[in-house]
Amino acid sequence: MPRSVLRFVLAGALAVLAFAVVACGGDDNNGSSSSSSTTKATSSSDVGTDNTKAANVEGKKGGKITMLAGSDVDFLDPGHSYYTQGYMVVYPTQRTLYSFKPQDSVKPVPDLAASDPEISADKKTVTVKIRPGVKFSPPVNRAVTSKDVKYAFERFFSVNVGGQYPAFFSSIEGAPAEPTKGVKPISGIETPDDQTIVFHLKEAAGVPVAAALVMPVSAPVPEDYAKKFDAKNPSTYNTHVVATGPYMVKNDADGNTVGYKAGKSIDLVRNPNWDASTDYRPAYLDEVEMRTNASDANVASEQVLSGTHMLFDANPPANIIKKVATEIKDQYVQVPSGGYRYFPMTTTIKPFDNVNVRRAVLAGFDRNAARLARGGKFTADLPTHFLPPDFPGFEEAGGYDGPGFDFLSKKNEQGDPALAAEYMKKAGYPSGKYTGNEEFLMVSANVDPNKAQAEVAKAQFEKLGFKFRLRLVPQDAVYNDWCQVPEKKVAVCGGAGWFKDFVDPQSMLEPVFAGYTIPKSGLNNNMAQLRDPKVDAAMKKAALLDGPERLKAWGEIDKMITNDAPAVPFVWDKTTLLRSKDVNGVANGYTTTWDFSFTSLK
């Protein structure tokens with residue numbers, strides 16, 4: 001799903017921007033008042049394997065692992081990928097400027113970059129030094145330069161590539177307000193030499209821009225090779241992508257990704273040009289085969305638990321989660337997702353344009369029933385707002401008790417029909433229920449647990465008199481073909497989730513609920529299509545703040561969004577991952593997926 005992650009660092013309360021503050025000589029007191037806002041790489045309870053210890057275990061070199069997954073990646077292209085499955089492939093195959101070690105999803109480390117970013121005193125310039133000795137995989141076979149990173153950013157803004165989080169970099173001078181036709185130069189990105197890239201900003205946004213340099217867009221793309229693919233709409237670089245990380249999608253002499261069979265499998269093999277001396281990743285495995293058509297999650301889970309050399313990607317059905325949590329405690333890990341799962345209601349489709357209708361839905365919704373569909377208490381807490389626990393801004397938004405709205409409180413976790421009826425009456429329905437004859441469309445994945453949770457959601461809407469048709473499609477199609485495509489008129493997405501892009505409240509709220517992020521065309525992350533001018537203005541102001549002021553501002557924004565009721569947040573969950581007994585599976589707390597670069601055979 002979109003981060004959909006899909007993810008630097010103030011110490012403590014704004015842990016996301018720590019290296020950036022140090023780089024510009026910032027005050028250590030900025031945002032350092034709360035240690036509770038940092039995100040742990042693994043859960044402290046119900047964890048079958050201590051992932052922190054697993055990441056430090058010396059792995060066995062060599063071997064092949066097969067991972068069973070219920071859906072394909074969104075894209076292999078780092079300029080387009082914004083989906084959890086895509087991140088699982090992007091990070092072991094690409095060297096982003098900064099990235100996260102498995103045991104620390106809060107503080108990023110230099111990856112393609114040689115050191116922490118340098119932020120000017122006025123916070124309008126960010127300078128990054130590129131690590132020497134990193135090479136592209138075949139057929140490019142040359143050293144990476146700063147110009148390759150510059151081109152990666154420029155192509156990101158092209159409609160042909162379709163970068164999905166442009167708001168994070170909109171403050172760069174010359175960054176286009178709308179996707180460009182073809183790849184256009186960006187005046188605010190300079191490369192004074194092959195090892196240096198400089199980002200000039202229109203405003204004092206150096207801290208959040210530096211924070212966002214962990215995103216896949218910062219992975220280098222060789223213009224001399226990719227230009228011909230990017231000239232097409234859509235770009236075909238996705239099936240010719242080259243790597244800089246320890247692994248690559250198997251390709252032929254012309255660069256065709258023969259190891260990628262859409263909807264079926266992805267074969268990751270070693271990148272022969274990868275130099276271990278330049279990388280912190282051990283990359284123990286020789287090969288990872290991802291089977292992306294394991295649509296029966298029950299069968300796939302049992303195969304992994306009883307088999308050898310196997311992994312299961314994420315969140316098995318509820319009965320399997322209970323089984324591993326109570327019986328097989330050494331073959332799973334749980335990683336705090338750093339996000340929320342929700343049912344967005346499209347606010348441009350009547351009657352969901354009426355805030356009291358939306359509040360009625362939240363008031364009457366049995367959120368615990370939806371949680372049970374995902375595994376119950378073993379998997380998640382029930383939300384009272386959007387920012388998740390142990391995340392910057394969580395306490396400022398109300399903590400576990402929430403902002404205090406009666407329609408989304410701890411008191412009505414199982415729904416309050418009487419309160420829902422009151423809000424429906426406020427919306428103009430005297431009976432307390434919807435009386436129209438329309439049939440609305442809900443779309444969700446055709447595999448559990450998303451299938452099961454969507455069936456629960458459909459029943460909850462129908463309690464209020466709505467008529468819904470539930471369409472079940474493959475997981476990757478939920479977003480790319482339906483929920484993120486406004487023209488499809490999906491009234492409710494039955495399987496949405498949003499997880500940290502980086503550990504900062506802006507990344508958790510802006511892409512999902514800012515009206516100014518809704519594109520004129522292409523995929524839309526604001527699936528509720530919320531356009532609240534007050535929320536938008538508050539976000540733009542809060543984006544430039546630091547430290548406690550920033551957390552307070554984003555906490556208030558979370559309250560404003562919750563009051564708008566654009567979606568039903570139903571779990572703050574943990575991601576459950578399964579492994580065979582002979583696999584030393586290591587999860588990455590940032591991507592909330594298996595980390596192929598640290599996982600090994602026993």
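Note: hydrogens, waters and symmetry copies are ignored here, and every other heavy atom, side chains too, is used. For reference, positions follow the sequence shown, starting with 1.
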Trainee: What pair of heavy atoms forms the shortest contact from Pro569 to Leu362, and how long is it?
Mentor: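 Closest pair (atom of Pro569, atom of Leu362, distance): CD-CD2, 4.4 Å.
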Trainee: Quick one: list whatever passes side chain to side chain contact (heavy atoms under 4.5 Å, CB included) with Lys60, sequence neighbours left out.
Mentor: Leu601
Trainee: Is Lys463 atom NZ crowded by more than 12 heavy atoms from other residues, nucleotides or ligands, each under 6.0 Å away?
Mentor: yes
Trainee: Among residues at least two apart in sequence or on other chains, which ones pass salt bridge (charged side-chain N to carboxylate O under 4.0 Å, His left out) with Asp296?
Mentor: none
Trainee: What closest approach, in Å, do Leu578 and Trp594 show between heavy atoms, and which atom pair accounts for it?
Mentor: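 Shortest heavy-atom separation between Leu578 and Trp594 comes out as O-CZ2, 3.2 Å.
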Trainee: Can you find a side-chain donor-acceptor pair between Asp252 and Asn256 that sits under 3.5 Å?
Mentor: yes
Trainee: Excluding sequence neighbours, so at least two apart, what forms salt bridge (charged side-chain N to carboxylate O under 4.0 Å, His left out) with Glu438?
Mentor: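 Partners of Glu438 under the salt bridge (charged side-chain N to carboxylate O under 4.0 Å, His left out) test: none.
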Trainee: Decide, yes or no, whether a salt bridge links Asp481 with Arg471 under the criterion of side-chain N to carboxylate O below 4.0 Å.
Mentor: no
Trainee: Rounded to the nearest 0.5 Å, how far does CZ of Phe570 lie from CD of Gln453?
Mentor: 3.5 Å
Trainee: Going by the ring pair (Phe, Tyr, Trp, His ring centres under 6.0 Å) test, name the single residue among Tyr479, Phe156, Trp498 that passes it with Tyr82.
Mentor: Trp498
Trainee: Provide the full list of disulfide bond (SG atoms under 2.5 Å apart) pairs with a residue in residues 571-602, sequence neighbours left out, each pair given once.
Mentor: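 Passing the test, one end in residues 571-602: no pairs.
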Trainee: Is it the case that atom NZ in Lys488 sees more than 12 heavy atoms from other parts of the structure closer than 6.0 Å?
Mentor: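 More than 12 within 6.0 Å, yes.
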Trainee: With a 3.5 Å distance limit and no angle check, can you tell me whether His385 reaches the backbone of Gly402 through a side-chain donor-acceptor pair?
Mentor: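 Not a single qualifying donor-acceptor pair exists.
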Trainee: Between Ser81 and Pro216, what is the shortest heavy-atom contact and its length?
Mentor: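 For Ser81 and Pro216, the tightest heavy-atom pair comes out as O-CG, 4.3 Å.
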Trainee: Please give me the minimum heavy-atom distance between Ala420 and Leu464, naming the atom from each residue.
Mentor: CB-CD2, 3.9 Å
Trainee: I need the Ser265 OG to Asp72 CG distance, nearest 0.5 Å.
Mentor: 9.0 Å
Trainee: If the condition is ring-ring contact (aromatic ring centres under 6.0 Å, His included), which residues does His309 pass it with, not counting sequence neighbours?
Mentor: none
Trainee: side-chain hydrogen bond (donor to acceptor under 3.5 Å, both in side chains) between Asn160 and Tyr237: does it pass, once the steps are laid out?
Mentor: CA-CA 10 Å; Asn160 297 9; Tyr237 183 65; over 6 Å; no
Trainee: Rounded to the nearest 0.5 Å, what separates atom OG in Ser337 from atom CZ in Phe391?
Mentor: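 One finds 10.0 Å between OG of Ser337 and CZ of Phe391.
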Trainee: Taking NZ, NE, NH1 and NH2 as the nitrogens, is one of them in Arg281 or Asp111 under 4.0 Å from a carboxylate oxygen of the other?
Mentor: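 Between Asp111 and Arg281 there is a salt bridge, with a charged N closer than 4.0 Å to a carboxylate O.
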Trainee: Which heavy-atom pair separates Leu268 from Phe596 by the least distance, and what is that distance?
Mentor: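 Here Leu268 and Phe596 meet closest at CD1-CD1, 3.8 Å.
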Trainee: Going by the salt bridge (Lys or Arg N to Asp or Glu O under 4.0 Å) test, name the single residue among Lys64, Arg270, Lys250 that passes it with Asp286.
Mentor: Arg270
Trainee: Any side-chain donor paired with an acceptor under 3.5 Å for Tyr91 and Thr593?
Mentor: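 On atom types as modelled, these side chains do not qualify, holding no pair under 3.5 Å.
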Trainee: I want to know whether Phe440 and Phe352 have ring centres closer than 6.0 Å.
Mentor: yes
Trainee: Kindly compute the distance separating CG (Asp353) from CE (Met345), expressed to the nearest 0.5 Å.
Mentor: 12.0 Å
Trainee: Under the side chain to side chain contact (heavy atoms under 4.5 Å, CB included) test, which residues partner Asn251, sequence neighbours left out?
Mentor: Pro139, Met248
Trainee: How close do Val335 and Gly589 get, heavy atom to heavy atom, and via which atoms?
Mentor: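 Closest approach of Val335 to Gly589: CG1-CA, 3.7 Å.
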Trainee: When rounded to the nearest 0.5 angstrom, what is the spacing between CG in Leu509 and CG in Asp504?
Mentor: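 It comes to 9.5 Å.
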Trainee: Please name the residue in the list Phe386, Trp572, Tyr340 that meets the ring pair (Phe, Tyr, Trp, His ring centres under 6.0 Å) test with Phe394.
Mentor: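 Passing option: Trp572.
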Trainee: With a cut-off of 6.0 Å (strictly less than), are more than 12 heavy atoms of other residues, nucleotides or ligands near NZ of Lys489?
Mentor: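 Check fails, neighbour count at 12 or below.
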